[in-house]
Each structure stands twice: as structure tokens, then as C-alpha cells.
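These notes are about the structure you will find just below.
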Amino acid sequence: MTKLASALLLLACGLPLPVLSLAADGGVPVASAAPVAAGQAATPQQPVTFEEYLRLVARNQPSLAADRLETGLARADTRKASAFPNPTASAYGKPGEHGVGIEQPIPIFGQRGARIENAKKGEITAAAHVDVAVNNALNEAAQAFNELLVAQKRVEVWQDAQQSLDKAAYIVRGQIDAGARSRYDGSRLTLQLAQMGMQLAKAKAALRAASTRAAQLAAIPTWNARAEGSVQTLEQTLPSFDTLWNQASTRLPGLRSAQAELDQARHKIELEKRNALPTPSIGVTRVKSRPDGNYTQWGVSMEIPLFDRNQGAIDRAKMEAEQAELRLQAANQTAQSDLYGALQQLELKRDTVHAYEKQGLAQIDPLKQMANDAYRLGQGGILELIDALTSITEHRLEYLELVKDYLDAEWQVRLATGNVPLSDY
């Protein structure tokens, strides 16, 4: 398991991070370039760690900024629900009499309180929706970071392979100059060096694409994104499914969003029942009459719920609550399935990486030395030497692919447990 990966798993388990955490491999705080224009994100000048990159994405993405405005809209709805109904002014006139009056609806049956409570539940629902949006964005960002980190390591592997081939070329030329080998060996090695240069160029192009993708997600288009991290592995015991689910069930954004929607839908039933009750209006009119003089007239008016008792709205609210309850059940089942599958994948990827480390990587350095010695001593030809060096490179690249799969699987476990501190981003 990588140092980066170990830190992520500790977070997923709810354990404290060691002193050597995600930035233990030389990660530094995000540094800003020269002053930038207002509204433009600062460009980091140093490689960023995993957590630093997630913060960049969550802070800079315009789409997430737009999603966060949903909470402001919900607060506006609460303010709207808190307002009392406006009074109605009236005036009339006829021969010998005129008057002015005002009428004020009074929601005495709890309609206003129910509207306020429902709007406040809407605020909770909106905040949960924002967390879901951030969670989805961070999932995409985490995969982009892992790809960038591994792409950097691929370039390093090809560069090391090129250096190894250059050293082998020195041996081959020495053998040719000594008359121990034919010029065919030199030509064959030159061809291999050209092919190696092509592979290195492809790896650099893939790295540029990964860097561009990471910069795009961080909303810094001109950033030459670089990742800080290690692909060295460590032993780690994975927690049980039950332990992780107990944590996930209370903090997964998807579950909290579904629960908030259910709470709001259930309360909406009560709101519609309150709305079915009539709202009385108290009116007062000041009358000036020639025969009767000046006087004040009071009155109360009220709608009679004879034909429309808001039953349609109540039935609809009940159906919406039933839908929300079923969605919550589905979200729980999906969350459990995601966590169980992610944990199984992580175990498989971990076992695969450890097995490859013990059976494959341990043979790389001896194989390289034996290939060079065999050629120098005349016990092998140029094709055997090239094949050995090529095989070493392929094994190192295969190992990087396994590590990439492992990093992605480890993030999926963290995501499936809901251990993404959204408030920190």
C-alpha cells in the first residue's frame, strides 16, 4: 500500500493520521503565483498532494459554486415563508357616503409556522444536495489525481529504461571495438534506442493529457499540474464491512440527502393539512355618511371549505412522501452494495500488488545485472540482452497499473464510507 494510500485508508477507518501523512513525501502547501485577476484561481507553483488537490477542485469549480447557491435559494424560501400576508386596502364612495378600509388575513391555524418549518427542512435538503455534488466532483478529481501520479511514474520508468539501455550500449560498443561482437549488435541496439525514445515520447504525451485533465477539473486551465505522492507499498489490515458501514450509514451524502428529502416530504403532508384550514381576515372600515355621521365598521370574513378541502394537495404530498421513503431504501441498498463491492475490490487489488511485489519486482535488479554480465562474458547475445531489459520495463509498468488500480480501489472505499470531509473543502 502506498503512503498516500495508507493515509486514505486510515481516514476511511476513522483513525488518526501518523506524523508522516499525505505530505510526507515532500508535499508542500499550495503556493500562489503572482497576483491574479479577481475571480481567477491562483496557480500552484509546487506539486500538490492528494488532499491539496481535492481542496483546489472543490474551491475552484464554477459548477460547485453554482450548486452551493442552492442553499441561498432555500434560505430565501424560508424568508418568504416567514412573511405575513399583506393587508388589502379598499375605498368606496356613493352619494352622501364614502369610506376607506383595510383587511388583514390572520393565519391563526398554524399555517405560517408549518410553512416556516417546511422551508427550514428545505434548507437541510439543499445543503445535503450540495454535499452530494461536491462528493461527485471529488470522486472525479481523485481518479484524475491518481492517473496523474501514475503517469508521472510511467515517464520515470521509461527514463530509467532509456538510461539502462544507454549503459548497455556502452558495453556493446566496447565489445564491438574489442572485436568480440559484430556490428549487427550495434545496429540492433541503435534501433532499440530509437524505439525507446518513441515510447518515452508517448509516456510524456500521456502525462501531458493527465496534467491537462487535472488542471481542467481544478478550473486552472493553464496550470501544469504535478502530483506529489509515492507508490511504495506497506502492509495494512482492512477493517470489516460492519465497522465501515456503521460509519458510512450516518455520513454518506447520498443517504443524508435522501433522508432530508423524506423528512421534508413527510412534513409537507402536515403543511397541506394546515393549508386546508381557512384563513380568517379581519377588516376595519372608516365611513363618513351625511345622515349617520362618522363611524367605524368592523368585520371578519372567512373562506368556507365546502367544495375544495385541499384534499388533492394532501394526497399528492402523501405520494411524494412514499416515493421519498422508497428512494431512501434504495439509496441504503445501493450504498451497502457499493461499500461491500469496494471493500472486496480493495482486498483483491491489495493481494495482487503484494504478490507481484514479492514474485516480480524482487527479481528486477538481479535480472538486469545477470543480463549485462552474460553479454559481457559472451554467454548471451544482443537479443537476449534487449529482451531482458525490455522485460524489466514491462514488469515495472505492469506494477504501476496494479498500483493505479489499488489507489482507485482505496479511494472508492473511502468514498463508500462517506469519509470525505466536505466542510473542509
Side-chain angles (χ1 to χ4, degrees), residues 7-15 22 50-75 77-78 119-146 217-219 239 241-267 320-321 323-343 345-346 408-425:
L8 293 180
L9 188 57
L10 288 174
L11 285 173
C13 301
L15 299 176
L22 293 175
F50 185 79
E51 294 292 340
E52 289 170 344
Y53 178 68
L54 294 186
R55 291 189 185 95
L56 279 174
V57 172
R59 184 171 64 241
N60 294 343
Q61 272 198 9
S63 60
L64 291 181
D67 290 331
R68 290 188 182 98
L69 293 179
E70 186 176 345
T71 57
L73 297 175
R75 286 192 295 269
D77 289 339
T78 302
K120 288 182 177 180
K121 290 185 178 296
E123 291 186 33
I124 298 174
T125 302
H129 288 171
V130 172
D131 286 346
V132 171
V134 174
N135 210 53
N136 293 336
L138 294 184
N139 181 32
E140 191 174 6
Q143 296 179 33
F145 181 91
N146 290 340
L217 291 177
F241 170 81
D242 292 336
T243 300
L244 293 178
W245 176 247
N246 288 336
Q247 302 170 8
S249 59
T250 58
R251 63 189 183 189
L252 275 172
L255 296 184
R256 289 191 287 108
S257 175
Q259 183 63 58
E261 290 177 355
L262 175 58
D263 293 342
Q264 187 179 17
R266 285 174 173 172
H267 188 270
E320 290 175 350
Q323 281 184 327
E325 186 172 2
L326 291 174
R327 291 192 183 102
L328 177 59
Q329 294 177 9
N332 267 285
Q333 293 174 359
T334 301
Q336 291 187 48
S337 177
D338 289 344
L339 177 57
Y340 186 74
L343 193 58
Q345 286 296 316
L346 181 57
D408 288 340
E410 194 170 42
W411 165 255
Q412 290 302 320
V413 170
R414 178 179 173 182
L415 195 69
T417 57
N419 194 25
V420 180
L422 303 173
S423 59
D424 293 347
Y425 300 137

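Positions are given from 1 along the sequence.
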Measuring only between side-chain heavy atoms, which start at C-beta, is [X] closer than 4.5 Å to [Y]?
{"X": "Phe145", "Y": "Leu138", "value": "no"}
{"X": "Thr71", "Y": "Glu123", "value": "no"}
{"X": "Glu320", "Y": "Glu261", "value": "no"}
{"X": "Glu410", "Y": "Val413", "value": "no"}
{"X": "Val134", "Y": "Arg68", "value": "yes"}
{"X": "Glu52", "Y": "Leu56", "value": "no"}
{"X": "Tyr340", "Y": "Leu244", "value": "no"}
{"X": "Val420", "Y": "Arg251", "value": "no"}

Counting only heavy atoms not in Phe241 (residues, nucleotides, ligands), do more than 12 fall under 6.0 Å from its CZ?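 For Phe241, atom CZ is crowded (more than 12 foreign heavy atoms under 6.0 Å).
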Pairwise distance [atom1]([X]) to [atom2]([Y]) - rounded to 0.5 angstrom:
{"X": "Asp131", "Y": "Asn136", "atom1": "CG", "atom2": "CG", "value": "11.0 Å"}
{"X": "Thr417", "Y": "Asp338", "atom1": "OG1", "atom2": "CG", "value": "11.5 Å"}
{"X": "Arg75", "Y": "Leu69", "atom1": "CZ", "atom2": "CG", "value": "9.5 Å"}
{"X": "Arg327", "Y": "Leu262", "atom1": "CZ", "atom2": "CG", "value": "10.5 Å"}
{"X": "Leu339", "Y": "Arg414", "atom1": "CG", "atom2": "CZ", "value": "14.5 Å"}
{"X": "Thr250", "Y": "Arg256", "atom1": "OG1", "atom2": "CZ", "value": "9.0 Å"}

Ignoring hydrogens and geometry, is there a side-chain-to-backbone donor-acceptor pair from [X] to [Y] under 3.5 Å?
{"X": "Thr334", "Y": "Ala330", "value": "yes"}
{"X": "Gln61", "Y": "Leu217", "value": "yes"}
{"X": "Asn139", "Y": "Asn135", "value": "no"}
{"X": "Ser249", "Y": "Trp245", "value": "yes"}
{"X": "Thr125", "Y": "Ala260", "value": "yes"}
{"X": "Asp77", "Y": "Ala119", "value": "no"}

Apply the test side chain to side chain contact (heavy atoms under 4.5 Å, CB included) to residues Leu326 and Gln329: give CA-CA distance (whole Å), side-chain angles for both, the deciding distance (0.1 Å), then the verdict. CA-CA 5 Å; Leu326 291 174; Gln329 294 177 9; 3.9 Å; yes
Looking only at heavy atoms, which two atoms of [X] and [Y] are closest? And how far apart?
{"X": "Ala74", "Y": "Ala126", "value": "CB-CB, 3.8 Å"}
{"X": "Pro62", "Y": "Ala219", "value": "CD-CB, 4.0 Å"}
{"X": "Ala58", "Y": "Leu64", "value": "CA-CD1, 3.8 Å"}
{"X": "Ala248", "Y": "Leu255", "value": "O-CD1, 4.1 Å"}
{"X": "Ala137", "Y": "Val57", "value": "O-CG1, 4.4 Å"}
{"X": "Ala141", "Y": "Tyr53", "value": "O-CE2, 3.3 Å"}

Quick one: list whatever passes salt bridge (charged side-chain N to carboxylate O under 4.0 Å, His left out) with Asp408, sequence neighbours left out.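 Lys404.
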How far apart are the C-alpha atoms of Gln259 and Asp263, what are their side-chain angles, what is the distance that settles it, and do they pass the side-chain hydrogen bond (donor to acceptor under 3.5 Å, both in side chains) test? CA-CA 6 Å; Gln259 183 63 58; Asp263 293 342; 3.0 Å; yes
